[in-house]
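Notes follow the structure.
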Amino acid sequence: MMRVWLCVGVLLTLVGCSTTDDGFIVFKDPREFNRVTMGLGTEDDIGGPGGTNQTTTAEGAVPGKTETRPQAITAGAKLSISVEEDSSLDRQIIVGTDGAIDFPPLGRIVVDGLTTEELRQRIKKDLERDYFQTANVTVTMEEATAGGGVIYLLGSAGHQGPMAIPPGEDFTMTKVMLAAGAGGPFADLSRVEIIRYGSDGRKYKTRVNVARIMKRGEFEKDIPVRNGDWVVVPEKIFNF
């Protein structure tokens with residue numbers, strides 16, 4: 001076991017990152033951050049708050065975390081719901097950025113973070129309580145389309161909270177800031193943090209100098225965001 005963790009430590013040193021006391025693996029180079037975390041699984045393998053929870057094996061994965069967990073529902077996912085007793089209730093629904101769906105006759109249901117089985121059981125229970133003696137419910141989920149999903153903005157961003165990733169769009173940190181109004185008057189776009197939860201059970205983050213990328217047109221240094229990412233915009237130390 002000690003040898004395994006020693007090898008992991010050497011690998012992290014080689015790729016230019018360090019581990020903080022709060023458990024974050026911090027990369028100095030944003031592009032290296034993206035390269036390493038992209039190797040931890042597909043877009044729908046990202047876990048942590050706001051992401052999905054399907055665990056896959058990966059190089060450098062935490063020992064004992066190779067089991068597969070049910071994939072959670074997130075914004076942008078397409079749900080198919082059918083009720084055997086009444087086909088008029090059958091629906092195909094895209095989960096909104098607020099993580100909720102409208103399902104008559106039960107109304108609005110927050111589904112973000114639930115598995116399809118948990119949602120099926122909830123719908124079945126509510127239908128049997130008010131409408132049917134027995135309800136046979138089926139819930140399936142299609143993966144969000146390429147480039148789809150949701151990220152979460154915090155701090156001095158012009159727009160805080162969830163933001164949908166346009167399907168088919170190579171959505172990058174710079175595009176996120178533009179879509180969010182480029183931050184408030186006190187936003188420090190030179191130190192924008194991106195936090196990503198890996199399928200190996202770890203937390204990764206780096207800083208992106210969005211201001212420099214935009215000012216100098218260095219878009220080759222921009223990095224894409226992924227479903228479940230958290231973007232934190234700090235305030236300027238001096239506001240003048």
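Counting from 1, the numbers follow the sequence of the chain as shown.
Counting only distance, with no hydrogens or angles, the side chain of D229 and the backbone of R226 share a donor-acceptor pair below 3.5 Å. Proximity of a side-chain donor or acceptor of E193 to a complementary backbone N or O of K205 within less than 3.5 Å is not detected. Remark: the backbone N or O of N136 is paired with a side-chain donor or acceptor of E85 at under 3.5 angstrom.
Remark: R31 pairs with D29 by the salt bridge (Lys or Arg N to Asp or Glu O under 4.0 Å) rule, at least two apart or across chains. Partners of E128 according to the salt bridge (Lys or Arg N to Asp or Glu O under 4.0 Å) rule, which considers only residues two or more places apart in sequence or in another chain, are K124. For S190, the side-chain hydrogen bond (donor to acceptor under 3.5 Å, both in side chains) partners at least two apart in sequence or on another chain are D188.
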Legend entry - Check against side-chain contact (heavy atoms from CB on, under 4.5 Å), I81 and L89: CA-CA 8 Å; I81 303 174; L89 297 178; over 6 Å; no
Legend entry - Working for side-chain contact (heavy atoms from CB on, under 4.5 Å), residues L119 and L79: CA-CA 10 Å; L119 178 57; L79 300 177; 3.8 Å; yes
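Considering only heavy atoms from C-beta on, I194 stays 4.5 Å or farther from W230 through its side chain. P224 is not listed as a side-chain neighbour of F171, based on a closest heavy-atom distance of 4.5 Å or more. You'll find the side chain of F27 reaches within 4.5 Å of the side chain of V36, heavy atoms only. The shortest side-chain heavy-atom distance between V225 and T172 does not fall under the 4.5 Å cut-off. The shortest side-chain heavy-atom distance between M177 and L189 falls under the 4.5 Å cut-off. Side-chain contact check for I93 versus K78: every heavy-atom pair is 4.5 Å or farther apart. Side-chain contact between L154 and V233 is absent, with no heavy-atom pair separated by less than 4.5 Å. When side chains are defined from C-beta on, I213 counts as touching V208, because their heavy atoms get closer than 4.5 Å.
Here CD1 of I109 is found 9.0 Å from CG of D102. Values are rounded to the nearest 0.5 Å.
Taking a cutoff of 4.0 Å between a charged side-chain nitrogen and a carboxylate oxygen, D126 and R129 qualify as a salt bridge.
A cation-pi arrangement is not found for K236 relative to F186, the charged atom failing to lie both closer than 6.0 Å to the ring centre and inside a 45° cone about the ring normal.
Residue E117 places its CD atom among more than 12 non-hydrogen atoms of other residues, nucleotides or ligands, all under 6.0 Å distant.
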